[in-house]
Amino acid sequence: MRRIAPELLDTENEVPDEKGLPELPNLDKWDHIVMRLAPFPSGPLHIGNARMVILNDYYVKRYNGELILVYDDTIGSDIKVVEPEAYDLIKEGLDYLGVNVHKTVYKSDRLEIFYKYAVDLIKRQKAYVCDCDAEIWRNEYKIQKKACPCRSLSVEENLARWEKMLDGTYPERGAAVRLKTGMDDPDPAMRDHVILRISESEHPRVGSKYRVWPLLEFSWGIDDHELGISHIIRGKDLVKEGKIEQHIWDIYGWKHPELIYYGRLRFQDASLSKSKSRQEVKDGIYTGWDDPRTWSLQSLAKRGIHPDALRKAMLDLGLSIVDISISMKPVYSENRKIRDAESPRLFLVFSPVWLNINGLPDDITKAKAPVHPDFPDRGVREIPLERENGSLTLGIPKKDFESMGDGTLFRMKDLANFILHKNEPYSAEFHSKDVDVIREKGGRILHWVPHKTNVEIEVSMVDGSLLTGLAEPSARSLKVDDFVQFERVGFGRVYSIDEKIKVAFAHK
RNA sequence: GCCCCGGUAGUGUAGUCCGGUCCAGCAUGAGGGACUCUCGAUCCCUCGACCCGGGUUCAAAUCCCGGCCGGGGCACCA
């Protein structure tokens, strides 16, 4: 073999790994790869969060590691509120994406751990309880790089204050624990950050059991170690938090998990706002958390966006820390690649213009169109041409009707060629049967729908609007979850069939 | 004001760490064509980029300096 055709061996050797993404750093430092997904449960995962999820899941699978789902459900703030239903919605999104979670952890179950470390840090004089007013602290101390009086308090006094935080002596905002990262740090963002504070808000899972809650940088400084996380892939909005985490790891001499940041994702053709979505869902303006305008994973699933299409598109973005502005088009392109072959074709006409058909030979009683043009063996759809009171009426899209002049030759696909007559009542005069005529003379080929036997279909568009279209009779055999292509219109998924067939539009 | 990060075709990405094989690869997009009874799919062609200026070097997208531009942080949010 090597002697006869060595070039074959060579190409074989060069093909192997098409891994688009780089290796994770410092793999040799870790016995096994442990990563985590840390969503804040304020709503379902949307397409913007998909990057975080897919990246982590990808690497865990690549290295046969472990993936921990950590609901980052600390108390949040007035604007960032834990939404009870979000826990399940998030899980649902992960299932859709095919993410395999090995363990699930709730931050809100771990307060005692954080308390233990808080006390320890106070005892080590690495943290202190500060009762300064936040604004005063910022202006008088942080900006001036000066230590506030609380910073030099004794361990005993700090511990006493800590107890007062826990027992309710201090009101909300009355005191907070600060980590001594250094008041002289050149970066103002790094000066003695608050790591625990008081909140009396009710928590959906643990109620009012706790009134002192950790901040993200502290809870993760502890938990990334406690949970044995080896690699952290997160948005670059968290780099400051990463630095504070490292500070904590150094206090305890813990091994540093590898930190990898990716840039912010903006969508050119979608505006993402979880808080706006929540409002609109609550107000009933959106149909629910699967409304296309939420861009939730649920909404993509409803539209028949295959998870692999999303996954591919997200992985193609790589791991760059640069902020990027992307389009949904690559996702749609991938989805088409995956689903085109399976999608049966149908005619669907929005706002039809009805034409009286004249001169069609009587022996033409039905049209036959392929279920899928690339797979003739899947058979044909039959569209019966039933006369009403002796005359036949067919509908064509208004858009096409309006853009064609009187006397235009056109073809109704899989039926015949006609001359358009635009004087009322609108009609079409049979011209010829053969498609080659159109090919020779030019003229557009339209989809169309019969007046008598059509099927009403409600299509929910990406912008939230609902359009009613009329489809050919074979639409009656559609089932929920079918992904179809309406010729010249676009792809969509049947999501419900009751009195109406309902389709969520996916893309062109 | 102070800190940090980054700038490759319209968009996204590979290459940048360890300078040459990069007159820069890929995807998507756009334009054109072939084929197809869809505005889908498939096939072919074309368009189009290393932020700027210096420096180092035989050689720089890759290293150094300066500038410009962009993003982010400076919350008792995540």
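Chain naming here is simple, since letters A, B, ... match the order of the sequence lines and numbering starts at 1 in each. Here the structure is a predicted model, which means the values were calculated and not measured.
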* Relative to the 5' end of RNA chain B, which residue comes earlier, A:Ile79 or A:Arg51, by the nucleotide with the nearest heavy atom? -> A:Arg51
* To do: Using the C1' atom on both, measure B:C22 against B:U8 and round to a whole Å.
  => 11 Å
* **Of the listed nucleotides B:A41, B:A78, B:G12, the one nearest the side chain of A:Asp374** => B:A41
* Is there a side-chain contact between A:Ile438 and A:Leu409 (heavy atoms, below 4.5 Å)? -> yes
* **Nearest-neighbour nucleotide for the A:Asp187 side chain, B:C37, B:C76, B:G73 considered** => B:G73
* To do: Considering only atom C1', compute the distance from B:A34 to B:A41 and round it to an integer number of Å.
  => 14 Å
* To do: Classify the nucleic acid contact of A:Asp316 as base, sugar-phosphate or nothing, counting any heavy atom under 4.0 Å across all strands shown.
  => sugar-phosphate
* Structure fact -> The nucleotide from B:G73, B:C37, B:C76 with an atom nearest the side chain of A:Ala176 is B:C76
* Asked: Applying a 3.5 Å limit to both distances, which nucleotide forms a Watson-Crick or G-U wobble pair with B:G19?
  -> none
* So what does A:Ser42 hit on the nucleic acid, given a heavy-atom distance under 4.0 Å: a base, only sugar-phosphate, or nothing? -> nothing
* Asked: Do A:Ile195 and A:Leu215 come within less than 4.5 Å of each other through their side chains, counting heavy atoms only?
  -> no
* For A:Thr74 and B:A78, is the shortest distance between a side-chain N/O and OP1 or OP2 below 4.0 Å? -> yes
* Distance, rounded to the nearest Å, where A:Leu319 contributes CG and B:A14 contributes C1' -> 14 Å
* Asked: Using purine N1 to pyrimidine N3 plus N6-O4 or O6-N4 for Watson-Crick, or N1-O2 and O6-N3 for G-U wobble, each under 3.5 Å, what pairs with B:A14?
  -> none
* Looking just at side-chain N and O atoms, do A:Trp249 and A:Asp224 make a donor-acceptor pair shorter than 3.5 Å? -> no
* **Residue A:His193, side-chain heavy atoms: nucleotide from B:C37, B:A75, B:G7 that is nearest** => B:A75
* **Beyond-backbone contact of A:Leu265 with A:Leu317, side-chain heavy atoms, under 4.5 angstrom** => yes
* Quick one: on RNA chain B, does A:Gly318 or A:Ala38 contact a more 5' nucleotide (nearest heavy atom)? -> A:Gly318
* Nearest-angstrom distance, P atom, B:A61 to B:U21 -> 9 Å
* **Euclidean distance for C1', B:C58 against B:G15 (whole angstrom)** => 23 Å
* To do: Please state the C1' separation for the pair B:C47 and B:G10 - nearest whole angstrom.
  => 11 Å
* **P atoms of B:G1 and B:U62, separation to the nearest Å** => 30 Å
* For atom NZ of A:Lys243 and atom P of B:C74, their distance in whole Å -> 12 Å
* **Euclidean distance for P, B:C45 against B:U28 (whole angstrom)** => 14 Å
* Structure fact -> Here the residues of residues 340-348 of chain A within 4.0 Å heavy-atom distance, strictly under, of RNA chain B are A:Asp340, A:Arg345
* Asked: Can you find a pair of side-chain heavy atoms, one from A:Asp185 and one from A:Lys243, that are under 4.5 Å apart?
  -> no
* Please state whether the phosphate of B:C74, meaning OP1 or OP2, lies under 4.0 angstrom from any side-chain nitrogen or oxygen of A:Arg138. => no
* Structure fact -> Against the side chain of A:Ser325, the closest entry in B:C39, B:C5, B:G12 is B:G12
* Per A:Lys329 side chain, nearest of listed nucleotides B:G29, B:U38, B:U11 -> B:G29
* Asked: OP1, OP2 of B:A78 versus side-chain N and O of A:Arg197: anything below 4.0 Å?
  -> yes
* May I have the distance from A:Ile324 (atom CD1) to B:G70 (atom C1'), rounded to whole angstrom? => 15 Å
* Just to confirm, is there a sub-4.0 Å distance from OP1 or OP2 of B:A75 to any side-chain nitrogen or oxygen of A:Lys142? -> yes
* **Who pairs with B:C68 - Watson-Crick or G-U, where each distance is under 3.5 Å** => B:G7
* Over how many whole Å does the gap from A:Ile396 atom CD1 to B:C39 atom P extend? -> 16 Å
* Calculate the interatomic distance between A:Tyr71 atom OH and B:A78 atom C1'; express it in whole Å. => 16 Å
* Can you find a heavy atom in the side chain of A:Leu319 that is under 4.5 Å from one in the side chain of A:Tyr59? -> yes
* To do: Mark yes or no for a side-chain to base donor-acceptor pair under 3.5 Å between A:Arg411 and B:C37, with no hydrogen or angle criteria applied.
  => yes
* Asked: What is the pairing partner of B:C74, taking Watson-Crick or G-U wobble pairs with both distances under 3.5 Å in any strand?
  -> B:G1
* Asked: Cation over ring, A:Arg381 on A:Phe347, under 6.0 Å and within 45°?
  -> yes
* Asked: Any side-chain donor paired with an acceptor under 3.5 Å for A:Asp434 and A:Ser432?
  -> no
* To do: Provide the distance between the two C1' atoms, one in B:C64 and one in B:G32, to the nearest whole Å.
  => 46 Å
* Touch class at under 4.0 angstrom, heavy-atom based, for A:Phe491 against every strand present -> sugar-phosphate
* Asked: Could you walk me through whether A:His231 and A:Asn56 pass the side chain to side chain donor-acceptor pair (under 3.5 Å) check?
  -> CA-CA 9 Å; A:His231 296 257; A:Asn56 280 286; over 6 Å; no
* Are OP1 or OP2 of B:G40 and a side-chain N or O of A:Arg488 less than 4.0 angstrom apart? -> no
* Please state whether the phosphate of B:C74, meaning OP1 or OP2, lies under 4.0 angstrom from any side-chain nitrogen or oxygen of A:Lys240. => yes
* **Under 4.0 angstrom between A:Arg264 side-chain N/O and B:G72 OP1 or OP2** => yes
* **N or O in side chain of A:Lys274 less than 4.0 angstrom from B:A78 OP1/OP2** => no
* Which nucleotide in the set B:A78, B:U28, B:G40 lies at the smallest distance from any side-chain heavy atom of A:Pro330? -> B:U28
* Asked: A:Phe491 ring centre to A:Arg339 NZ or CZ under 6.0 Å, with the angle to the axis within 45°?
  -> no
* Tell me the partner of B:A30, counting only Watson-Crick (N1-N3 plus N6-O4 or O6-N4) or G-U wobble (N1-O2 and O6-N3) with both under 3.5 Å; none if nothing fits. => B:U46
* Asked: Can we call the ring centroids of A:Trp162 and A:Tyr115 under 6.0 Å apart?
  -> yes
* Select base, sugar-phosphate, or nothing to describe what A:Pro373 touches, counting heavy atoms under 4.0 Å on all strands. => base
* **Closest to the A:Gln485 side chain, choosing from B:C76, B:G12, B:U38** => B:U38
* **Intermediate values then yes/no, side chain to side chain donor-acceptor pair (under 3.5 Å), A:Tyr87 and A:Asp73** => CA-CA 9 Å; A:Tyr87 294 91; A:Asp73 60 343; 2.5 Å; yes
* To do: Select base, sugar-phosphate, or nothing to describe what A:Glu241 touches, counting heavy atoms under 4.0 Å on all strands.
  => base
* Could you tell me whether A:Val239 contacts a base, only the sugar-phosphate backbone, or nothing, with contacts defined as non-hydrogen atoms closer than 4.0 Å? => nothing
* Hey, is the side chain of A:Lys413 pairing donor to acceptor with the base of B:C37 inside 3.5 Å? -> no
